[in-house]
Amino acid sequence: MLAVALSALSCGKPPPPPVMGPPEVSVMHPIRRETTDYLNYDGITRGVKQTEVRPRVNGYLEKVLYKPDTQVKAGQPLFLIDQRPYKVAKQRAEAERAGKRAMIDSTRAELDRVRKLAEQQAASEQERLNRQAAYDLAVAEVQTSEAELAAAELNLTYTEIKAEIAGRVSRNLVDEGTLLKENEQVLCTIVNDDQIYVDFNVSESEYLEWIRKNPKSRTEDAGKVPVVIEMGMADQSGYPNVGRVVSGDNTVDPSTATFAVRAMFENADKQIAPGLYVRVRAVNGRSESILVPDAAVQSDARGQFVMVIGEKDLVERRGVVPARGAKIGEYRRIVEGLTEQDRVIVNGLQRARPGAPVKINMVEGPKFVEGPAPATLPTTQPATQPQ
């Protein structure tokens, strides 16, 4: 009976928990490939020519003569200011000029009479000088009146506000009936968007690296070999727009340690609008690079790192320095921290802990695809900056 009871108790005891082995992770060696080095920046688009339209005379805005968001030609009327006060001013100036001209005729006749009398010793020299001064004064007053008339005519023409440049015009920023003051209000803006500038800033170190690689980039021969720039907008993948650098600043900004650069892009289809934030890149040569899958690169408060298999097959945290710029396909270029002999964890990172053992599964990385070749300028593009 006792033996049977002991046997029953032993059968009801739970089995011991299973022993867990080390977690399995996928590991690969970094690959070495020759890749194109790019310098990548954020830029903003601007019109090649853009202007603010302001009134040149005071007056009430009578009419808006254009349709917003349309192309206008240089010299096309945009606004009309009430012309009546300026027409009156012109008529007054014309009348004053006519009166001054009449004075010239009178003083000239008097001067001629006194000259003849002076020749006959019938008038004094002082009287002749007085008549000459009166005539010269009348001539000067006519010239003054003509200048006043020209100013009145010019002010009258300024009541019709015209486009100074050709381009796309904005909405009107003031309404009809508004009292305008000379040079104060902005009535509208005009942007010539046949071509577009992109402004971006290069760091001091990148600027120095560039001019060391391109020693003639700051000389008079720089424009003979244009620097190609690729650009992508927010809704575009890659860099489908191709332009060229047209200017750089004459100094490095000491407050930001950056160098301002301007590129230009053709915009015949009007798809690029001024004021957009865009991505730009420029080729900085080719070199051999160490590459690992982008998914293997992590970051924390200490910086960017990858998990590698170290001595005794234990996991190690390895700090790395990725190259500037976008990834290449599924890979990230590593400037510092890895060699081709390292074993990098590419899958199972959530199970890998530094100092812990793991079960290693060596794998091949994703297929390396560098992408399209760097762009070149179309042969139809102009080689110089527009004037």
Validation row: Val48, Met264 side chains within 4.5 angstrom (heavy atoms):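 Yes - at least one pair of side-chain heavy atoms lies under 4.5 Å apart.
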
TODO: Please tell me if the side chains of Leu180 and Phe79 come closer than 4.5 Å, counting only heavy atoms from C-beta onward.
DONE: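 In short, these two side chains do not touch, never coming nearer than 4.5 Å.
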
* Kindly check if the number of other-residue, nucleotide or ligand heavy atoms within 6.0 Å of CD (Glu336) is above 12? =>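 Atom CD in Glu336 is not crowded, with 12 or fewer foreign heavy atoms closer than 6.0 Å.
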
Under the side-chain contact (heavy atoms from CB on, under 4.5 Å) criterion, do Val27 and Ile345 qualify, and how do the steps go? CA-CA 4 Å; Val27 177; Ile345 299 176; 4.2 Å; yes

With sequence neighbours excluded, tell me which residues meet side chain to side chain donor-acceptor pair (under 3.5 Å) with [X].
X: Thr107; value: none
X: Asp193; value: Gln71, Arg168, Lys270
X: Asn40; value: Tyr239
X: Arg353; value: none

Testing the 3.5 Å rule here: is there a donor-acceptor pair between the side chains of Ser255 and Asp253?
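On atom types as modelled, these side chains qualify, holding a pair under 3.5 Å.
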
Checklist entry - Mind checking what makes salt bridge (charged side-chain N to carboxylate O under 4.0 Å, His left out) contact with Glu340, not counting sequence neighbours? => result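 Partners of Glu340 under the salt bridge (charged side-chain N to carboxylate O under 4.0 Å, His left out) test: Arg32.
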
Practice task
State which residues pass salt bridge (charged side-chain N to carboxylate O under 4.0 Å, His left out) with Asp37; sequence neighbours excluded, sorted by chain then number.
Solution key: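 Residues passing salt bridge (charged side-chain N to carboxylate O under 4.0 Å, His left out) with Asp37: Arg333.
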
ask   = Should the pair Glu164-Arg54 be classified as a salt bridge under the 4.0 Å nitrogen-to-oxygen rule?
value =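 Judged by the 4.0 Å cut-off on N to carboxylate O distance, Glu164 and Arg54 do not form a salt bridge.
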
Sequence neighbours left out, what pairs pass salt bridge (charged side-chain N to carboxylate O under 4.0 Å, His left out) with at least one residue falling in residues 297-307?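 For residues 297-307, and leaving out neighbouring residues, the salt bridge (charged side-chain N to carboxylate O under 4.0 Å, His left out) pairs sorted by first residue read Asp300-Arg317.
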
What pairs of donor and acceptor atoms, side-chain ones from residues 149-158 against any protein atom, are under 3.5 angstrom apart with sequence neighbours left out?
from: Asn155; atom 1: ND2; to: Ala151; atom 2: O; distance (Å): 3.4
from: Thr157; atom 1: OG1; to: Leu154; atom 2: O; distance (Å): 2.5
from: Tyr158; atom 1: OH; to: Arg56; atom 2: NH1; distance (Å): 3.2

### Message
Test of understanding: with side-chain contact (heavy atoms from CB on, under 4.5 Å), list the residues that count as partners of Leu179, not counting sequence neighbours.
### Response
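Leu179 satisfies side-chain contact (heavy atoms from CB on, under 4.5 Å) with Tyr60 only.
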
* **Hydrophobic cluster of Val283, others only, ordered by chain and residue number, side-chain cut-off 4.5 Å** =>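 Val283 shares its hydrophobic cluster with Tyr38.
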
Is the Phe200 ring parallel, tilted or perpendicular to the Tyr41 ring (thresholds 30°, 60°)?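 Answer is parallel, since the angle falls under 30°.
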
#### Entry: Listed partners of Phe305 passing ring pair (Phe, Tyr, Trp, His ring centres under 6.0 Å), at least two apart
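Not a single residue meets the ring pair (Phe, Tyr, Trp, His ring centres under 6.0 Å) criterion with Phe305.
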
Hey, can you pull the donor-acceptor pairs under 3.5 Å for the side chains in residues 308-316, sequence neighbours left out?
from: Asp313; atom 1: OD1; to: Arg343; atom 2: NH1; distance (Å): 3.4
from: Asp313; atom 1: OD1; to: Arg343; atom 2: NH2; distance (Å): 3.2

